[in-house]
Enquirer: 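Got a structure here, written out as structure tokens. Questions coming.
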Number of protein chains: 2
Amino acid sequence: MKKSGQATINDVARLAGVSKKTVSRVINHSPLLNEETRERVEKVIAEIGYVPNPQARALALRRNFLIGLIHDNPNPHTVLNVQQGLLEVLRDTEFELIVHPVDRGSPTMLDDIRRFVERQRPFGVMLLPPISENDSLAALCAEYGARYVRMGSAAFDDAEHMVASNDREAVRGAVTHLIEAGHRRIGLVLGPHGFRSAFERQQGYEAALHDAGIPVQRTLTAQGDYTFESGMRAAERLLDLSPRPTAVFSSNDTMAAGVLHTARQRGLDIPRDLSIVGFDDTSIASQIWPPLTTVRWPIATMARAAALKLIDEEDADDAGESLFVSTLVRRASVAAPAE
Amino acid sequence: MKKSGQATINDVARLAGVSKKTVSRVINHSPLLNEETRERVEKVIAEIGYVPNPQARALALRRNFLIGLIHDNPNPHTVLNVQQGLLEVLRDTEFELIVHPVDRGSPTMLDDIRRFVERQRPFGVMLLPPISENDSLAALCAEYGARYVRMGSAAFDDAEHMVASNDREAVRGAVTHLIEAGHRRIGLVLGPHGFRSAFERQQGYEAALHDAGIPVQRTLTAQGDYTFESGMRAAERLLDLSPRPTAVFSSNDTMAAGVLHTARQRGLDIPRDLSIVGFDDTSIASQIWPPLTTVRWPIATMARAAALKLIDEEDADDAGESLFVSTLVRRASVAAPAE
DNA sequence: TTGTACGCGTTATCAG
DNA sequence: CTGATAACGCGTACAA
């Protein structure tokens with residue numbers, strides 16, 4: 001190293017007696033390189049502890065070694081789990097995670113994202129629902145040469161760009177579980193309008209009823225927006241019904257906790273007076289009382305897979321898994337209806 | 001703009017008829033500039049929509065316009081709230097947030113962080129507890145010219161580098177609340193060893209007992225590690241005691257939820273048979289049944305303040321608030337002891 | 001297979 | 001106050 005700071009590619013070149021281009025080739029694993037030369041250079045690199053400067057690389061390559069997480073997801077658990085999954089595979093790589101929340105609903109959202117991608121030039125971008133469903137976002141990433149992976153409740157892009165769960169089938173199984181326990185009047189707390197996940201879960205609910213020959217009644221469906229409070233409000237509507245539903249499927253755990261809360265306030269016993277099934281298997285599901293029967297959404301696994309798609313060498317050919325199955329977790333919030 | 005991409009500083013210089021250094025001065029708000037020249041340049045900038053390239057700036061300045069969040073915090077809610085607070089002020093600035101979790105306990109943690117700071121050259125760094133208590137981390141940031149702010153349960157650095165809450169006083173108040181409700185046998189679920197927050201909260205607990213002339217009994221203290229499961233285990237130990245404590249202060253909400261869970265499993269009624277007070281006011285506190293009396297830790301506010309310290313123009317002089325008060329939130333988990 | 005010369009877009013130096 | 005010119009550290013034609 002020359003003066004104060006860090007060793008540069010020039011130092012390595014000088015010490016190894018080669019040109020800096022050769023060092024550059026070593027760094028970037030160029031295939032056309034004399035093995036002997038490579039080893040000599042690598043030895044010097046290791047000796048002086050040289051590490052390429054990311055800023056200079058970014059300038060020359062017009063690409064940063066950053067993975068962007070772009071989202072407007074209202075569910076903290078989802079976001080956090082995704083982050084953890086992503087970071088798990090990014091750790092020990094040269095990539096760092098840059099979190100960029102946006103405001104869907106804002107008319108400038110697309111511009112915001114464009115500026116982000118244009119300026120930061122991330123190597124790859126992870127798109128979370130619900131904005132992951134927006135095709136122009138994906139196009140935008142492609143336009144700037146950023147890899148992207150979209151997360152969703154159904155496959156709506158190529159395997160290379162997609163990690164999807166099959167929410168419809170999972171919910172169908174969950175509601176069938178309720179039916180097999182003897183329930184016929186089953187409420188649905190729907191997710192927010194415009195969310196693909198809300199739609200898929202609704203479809204699963206209706207499919208299960210259909211399978212069992214139970215007619216779908218609109219009054220048994222209450223609108224929610226994935227928040228605890230909306231779950232409480234939905235429960236108030238549902239529990240005012242006469243006859244009351246004996247079970248409720250809630251499109252996520254947070255709302256299910258809200259349903260449980262309201263039911264409790266009304267003096268109902270769970271699961272005796274009301275069975276509840278949620279979706280996500282977030283921590284709250286196992287921490288409330290009684291523990292919630294729910295659908296385990298393998299979100300961290302999906303995030304890990306997404307990270308691999310984003311940074312992996314191989315292009316396109318073997319994109320890895322892109323469909324992940326959710327499974328029912330049976331706990332104490334479901335019982336047979338009280339006669 | 002010349003060819004395909006974005007306009008550069010050269011385009012601006014050419015169109016404005018000045019040198020690019022002058023444009024650079026405009027961008028960086030250099031004070032020594034002819035007002036007329038400045039206006040002309042700014043006009044051109046606005047017209048062609050020029051935006052400086054962050055990569056080039058980073059290379060020349062040896063400093064990225066990124067704020068790093070370095071942490072090894074076991075509590076997802078804490079991390080997420082900090083992120084939200086940070087992002088709230090970073091939004092609409094040129095800064096982005098880069099999240100870098102580390103592994104305390106790993107012998108290479110300091111090296112990991114050094115490499116991160118050395119390579120990414122973040123403009124500023126936010127350090128979360130418990131690693132924020134590590135002075136060598138702070139020194140490391142300073143060494144690389146990165147601003148830093150440490151978050152903690154007590155002030156252990158200059159105002160400029162600190163956002164602190166006064167946990168001790170807050171817990172003292174919370175436990176006093178229990179005492180005033182008539183409790184004398186009050187259990188403590190302690191936080192993990194080596195955490196300043198755990199220590200401060202314990203001190204607050206003991207101070208409150210002392211104020212009331214109640215002797216501190218070691219058997220009434222159970223070790224926890226801030227996880228739900230550790231709260232359950234702590235409760236098992238505490239509830240096996242004879243006579244049983246009539247109330248428990250838990251050093252965070254997650255463990256308090258664990259205590260509540262275990263108490264429930266044993267058929268205890270909350271708050272009739274056991275009063276519980278938590279700490280944090282995370283979402284679970286208001287979502288479990290009964291809603292938890294807890295100490296509201298203004299963590300998002302602290303994070304916002306930290307972000308301002310990190311990016312604000314003024315140096316040192318007016319560093320803004322650095323001490324934040326936590327307040328007791330009274331809900332339904334506390335009652336007078338059953339005679 | 002390797003090296004030379006130059007470009008990436010910005011800031012710093014130091015003269016005018 | 002302003003402008004040539006040289007960094008900043010690395011990648012890429014293209015030549016050797």
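Quick note on labels: first sequence line is chain A, next is B, and so on, each numbered from 1.
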Enquirer: Just how far, in rounded Å, is P of D:dT5 from CG of B:Asn10?
Expert: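 One finds 14 Å between P of D:dT5 and CG of B:Asn10, rounded.
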Enquirer: Taking salt bridge (charged side-chain N to carboxylate O under 4.0 Å, His left out) as the definition, give me every residue that meets it alongside B:Arg119, ordered by chain and number, with sequence neighbours left out.
Expert: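 Once residues adjacent in sequence are excluded, B:Arg119 has no partner under the salt bridge (charged side-chain N to carboxylate O under 4.0 Å, His left out) criterion.
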Enquirer: In this structure, how many angstroms lie between the P atom of C:dG9 and the CG atom of B:Asn64, rounded?
Expert: 17 Å
Enquirer: Whole angstrom is fine here: how far is it from CZ in A:Arg121 over to C1' in D:dC10?
Expert: 17 Å
Enquirer: Whole angstroms only, please: what is the CZ-P distance between A:Arg40 and C:dT1?
Expert: 15 Å
Enquirer: With respect to the phosphate group of D:dC1, does any side-chain polar atom (N or O) of B:Thr22 fall under 4.0 Å of OP1 or OP2?
Expert: no
Enquirer: Just to verify, what does A:Arg121 make a salt bridge (charged side-chain N to carboxylate O under 4.0 Å, His left out) with, not counting sequence neighbours?
Expert: none
Enquirer: Measuring from the side chain of B:Asn34 (C-beta onward, heavy atoms only), which nucleotide among C:dG3, C:dG9, D:dT2 has the closest atom?
Expert: D:dT2
Enquirer: Do B:Arg304 and B:Thr301 have a side chain donor and acceptor closer than 3.5 Å?
Expert: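 Yes, B:Thr301 and B:Arg304 have a side-chain donor paired with an acceptor closer than 3.5 Å.
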Enquirer: Tell me, please, which residues at least two apart from B:Arg114 pass salt bridge (charged side-chain N to carboxylate O under 4.0 Å, His left out).
Expert: B:Glu143
Enquirer: Which sits closer to the 5' end of DNA chain D, B:Pro31 or B:Arg62, going by the nucleotide each is nearest to?
Expert: B:Pro31
Enquirer: Take atom CG of A:Asn53 and atom C1' of C:dC8, then tell me their distance rounded to the nearest Å.
Expert: 13 Å
Enquirer: Could you go through residues 151-159 of chain A and list every donor-acceptor pair under 3.5 Å that involves a side-chain atom there, pairing it with any protein atom two or more places apart or in another chain?
Expert:
| unit_1 | atom_1 | unit_2 | atom_2 | d |
| --- | --- | --- | --- | --- |
| A:Ser153 | OG | A:Asp167 | OD2 | 2.7 |
| A:Asp157 | OD2 | A:Tyr148 | OH | 3.4 |
| A:Asp157 | OD2 | A:Arg150 | NH1 | 2.8 |

Enquirer: Parallel, tilted or perpendicular: which describes the rings of A:Phe195 and A:Tyr226, with under 30° parallel and over 60° perpendicular?
Expert: perpendicular
Enquirer: On the nucleotide C:dT4, are OP1 or OP2 found under 4.0 Å from the side-chain N or O atoms that A:Ser19 carries?
Expert: no
Enquirer: Provide, to the nearest angstrom, the distance between the CZ atom belonging to B:Arg38 and the P atom belonging to D:dT2.
Expert: 10 Å
Enquirer: Heavy-atom distance under 4.5 Å between the side chains of A:Phe324 and A:Val163, does that happen here?
Expert: yes
Enquirer: Verify, without hydrogens or angle tests, whether B:Asn64 (side chain) and B:Pro122 (backbone) share a donor-acceptor contact under 3.5 angstrom.
Expert: no
Enquirer: Looking across every strand, which nucleic acid part, if any, lies under 4.0 Å from A:Leu59 by heavy atom: base, sugar-phosphate, or nothing?
Expert: base
Enquirer: Each nucleotide in nucleotides 11-16 of chain D should get exactly one letter: B, S or -. Can you fill that in based on protein heavy atoms under 4.0 Å?
Expert: BB----
Enquirer: Could you tell me, to 10°, how much the axis swings from one end of the helix from C:dT1-D:dA16 to C:dG16-D:dC1 to the other, five pairs per end?
Expert: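 Computed from the C1' atoms at both ends, the axes differ by 30°.
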Enquirer: Verify whether one side chain among A:Asn134 and A:Ser136 offers a donor that lies under 3.5 Å from an acceptor in the other.
Expert: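 The criterion, which ignores hydrogens and geometry beyond distance, is satisfied for A:Ser136 and A:Asn134.
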Enquirer: Give the rounded distance in Å between these two atoms: CD1 of B:Ile45 and C1' of C:dG9.
Expert: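 Going from B:Ile45 (CD1) to C:dG9 (C1'), I get 14 Å.
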Enquirer: Without decimals, in angstroms, what is the distance between A:Arg63 CZ and C:dG9 P?
Expert: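 Interatomic distance, CZ of A:Arg63 to P of C:dG9: 14 Å.
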